[in-house]
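The first residue in the sequence is number 1, and the count goes up from there.
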Amino acid sequence: MALTKLNYTGQGTIPIASIPTITGDKMPTGSVLQVVNAYHTASTEISTSYTTYLNPSITPILTSSKILILVTICIDMIGDSSFFAQFKRSIGGASETNLNPDIGASFYGSGNFGSANQHGLGYSITTIDSPNTTGSIEYRLQLKENNRAILSSSGDTSIVLMEIAG
């Protein structure tokens, strides 16, 4: 898609006030309307029960928007350990639900390197959500460990939320 730069200063026959402001509802399908980032940068031992470590919120501009979700998890595995991740959402403060069956509680990151410690292992989750709302949405990255896993300070654990015009 070509972009056109307007250098109109209001001179001529069209008053500058009559040029429309480009808002989210005027953007074409596939346009990025907004981006939200959340980071966990500290070294934190993961709990043995599901605990929320990141919970960014976004309020879509359009009901038809999709939310592109990019999750990066940086883990230190101490000895023979592993971790589980699940991704949930809450719309307008309602009870949380699994985002989708493919992510829900089915993401499993395994160390399984015997007794050796492994630092800065990277895992990612990418999905597209169709929340069908203009209400505030909170997404929650929840993790739990088996033996000893630590959110690493050698790399950020992060979530990027992008609203894409539908």
Side-chain angles (χ1 to χ4, degrees), residues 24 27 29-166:
M27 297 296 288
T29 300
S31 298
V32 176
L33 302 180
Q34 61 177 311
V35 178
V36 173
N37 298 311
Y39 298 96
H40 187 285
T41 58
S43 182
T44 305
E45 185 147 358
I46 297 173
S47 175
T48 56
S49 59
Y50 277 115
T51 302
T52 298
Y53 290 92
L54 285 171
N55 58 330
S57 295
I58 190 167
T59 302
I61 296 167
L62 305 172
T63 303
S64 61
S65 290
K66 309 283 188 218
I67 306 297
L68 174 62
I69 302 162
L70 308 167
V71 178
T72 302
I73 303 168
C74 191
I75 296 283
D76 292 343
M77 299 290 192
I78 308 304
D80 189 13
S81 58
S82 59
F83 77 99
F84 297 85
Q86 64 183 13
F87 208 68
K88 297 191 175 245
R89 75 165 178 212
S90 172
I91 298 175
S95 61
E96 64 185 23
T97 58
N98 281 339
L99 178 62
N100 99 23
D102 296 330
I103 292 178
S106 64
F107 183 86
Y108 174 69
S110 178
N112 215 4
F113 298 110
S115 61
N117 295 341
Q118 303 294 317
H119 299 282
L121 299 173
Y123 296 87
S124 65
I125 301 170
T126 303
T127 193
I128 296 176
D129 188 21
S130 301
N132 198 31
T133 186
T134 55
S136 178
I137 306 166
E138 182 180 37
Y139 291 97
R140 295 184 184 114
L141 173 63
Q142 298 181 333
L143 305 170
K144 75 175 183 175
E145 66 159 358
N146 178 25
N147 291 329
R148 189 161 183 231
I150 299 171
L151 283 177
S152 181
S153 60
S154 62
D156 294 344
T157 293
S158 65
I159 297 174
V160 177
L161 306 173
M162 290 182 177
E163 180 183 0
I164 310 294

Hits for side-chain hydrogen bond (donor to acceptor under 3.5 Å, both in side chains) against Asp156, two or more places apart or cross-chain, chain-then-number order -> none
Note to self: Check whether Ser47 reaches the backbone of Ser49 with its side chain - one donor and one acceptor, N or O, closer than 3.5 Å.
What the structure shows: yes
Only one of Tyr50, Tyr123, Tyr53 passes ring pair (Phe, Tyr, Trp, His ring centres under 6.0 Å) with Phe83, and that residue is Tyr123
side-chain hydrogen bond (donor to acceptor under 3.5 Å, both in side chains) filter on Thr44, not counting sequence neighbours, yields His40
d(Ile46 CD1, Thr157 OG1) to nearest 0.5 Å is 7.5 Å
Practice task
Start with the C-alpha gap between Leu33 and Met27, add the side-chain angles, then the distance that decides, and say whether side chain to side chain contact (heavy atoms under 4.5 Å, CB included) holds.
Solution key: CA-CA 8 Å; Leu33 302 180; Met27 297 296 288; 3.8 Å; yes
Separation between CD1 (Ile61) and OG (Ser31), nearest 0.5 Å, reads 10.5 Å
- Message: Checking the side chain of Ser90 only, and the main-chain atoms of Ala94 only, is there a donor and an acceptor separated by less than 3.5 Å?
- Response: yes
Side-chain polar contacts of residues 62-71 - donor-acceptor pairs under 3.5 angstrom, sequence neighbours left out - could you list them?
unit_1 : atom_1 : unit_2 : atom_2 : d
Ser65  : OG     : Leu62  : O      : 3.3
Ser65  : OG     : Glu163 : OE2    : 2.6
Lys66  : NZ     : Ser130 : OG     : 3.2

Minimal heavy-atom distance between Ser81 and Arg148, with the atoms involved, is OG-O, 2.7 Å
- prompt: After noting the C-alpha distance and the side-chain angles of Lys88 and Glu138, does the key distance pass the side chain to side chain contact (heavy atoms under 4.5 Å, CB included) rule?
  reply: CA-CA 8 Å; Lys88 297 191 175 245; Glu138 182 180 37; over 6 Å; no
Of all heavy-atom pairs linking Met77 and Ala149, the shortest is SD-CB, 4.1 Å
In this structure, CD1 of Ile73 is separated from CG of Leu151 (nearest 0.5 Å) by 8.0 Å
Which of Val32, Thr29, Ile128 passes side chain to side chain contact (heavy atoms under 4.5 Å, CB included) with Ile164? It is Val32
With side chain to side chain contact (heavy atoms under 4.5 Å, CB included) as the criterion, how do Val35 and Val160 come out once you've worked through the C-alpha distance, each side chain's angles and the decisive distance to 0.1 Å?
CA-CA 7 Å; Val35 178; Val160 177; 3.9 Å; yes
Q) Are any non-hydrogen side-chain atoms of Gln34 and Ile58 less than 4.5 angstrom apart? A) yes
Output for pair (Asn146 CG, Ser82 OG), nearest 0.5 Å, gives 4.0 Å
Taken to the nearest 0.5 Å, the spacing of Asp80 CG from Ile78 CD1 works out to 12.0 Å
- Query: Is there side-chain contact between Gln86 and Arg140, with at least one heavy-atom pair below 4.5 Å?
  - Reply: no
Next item on the list: Indicate yes or no: does Glu96 engage Arg89 in a salt bridge with an N to O separation below 4.0 Å.
Entry: no
Minimal heavy-atom distance between Ile137 and Pro60, with the atoms involved, is CD1-CG, 3.7 Å
Smallest heavy-atom separation, Gly135 atom then Thr133 atom, equals N-OG1, 2.9 Å
Interatomic distance, CG@Asp76 vs OG@Ser152, rounded to 0.5 Å, equals 3.5 Å
Pair Ile159-Tyr39, side chain to side chain contact (heavy atoms under 4.5 Å, CB included): steps then yes or no:
CA-CA 7 Å; Ile159 297 174; Tyr39 298 96; over 6 Å; no
Shortest non-hydrogen pair, Ala85 vs Leu143, comes out as CB-CD2, 3.4 Å
Between Gly79 and Asn117 the two heavy atoms that sit nearest each other are N-OD1, 2.8 Å
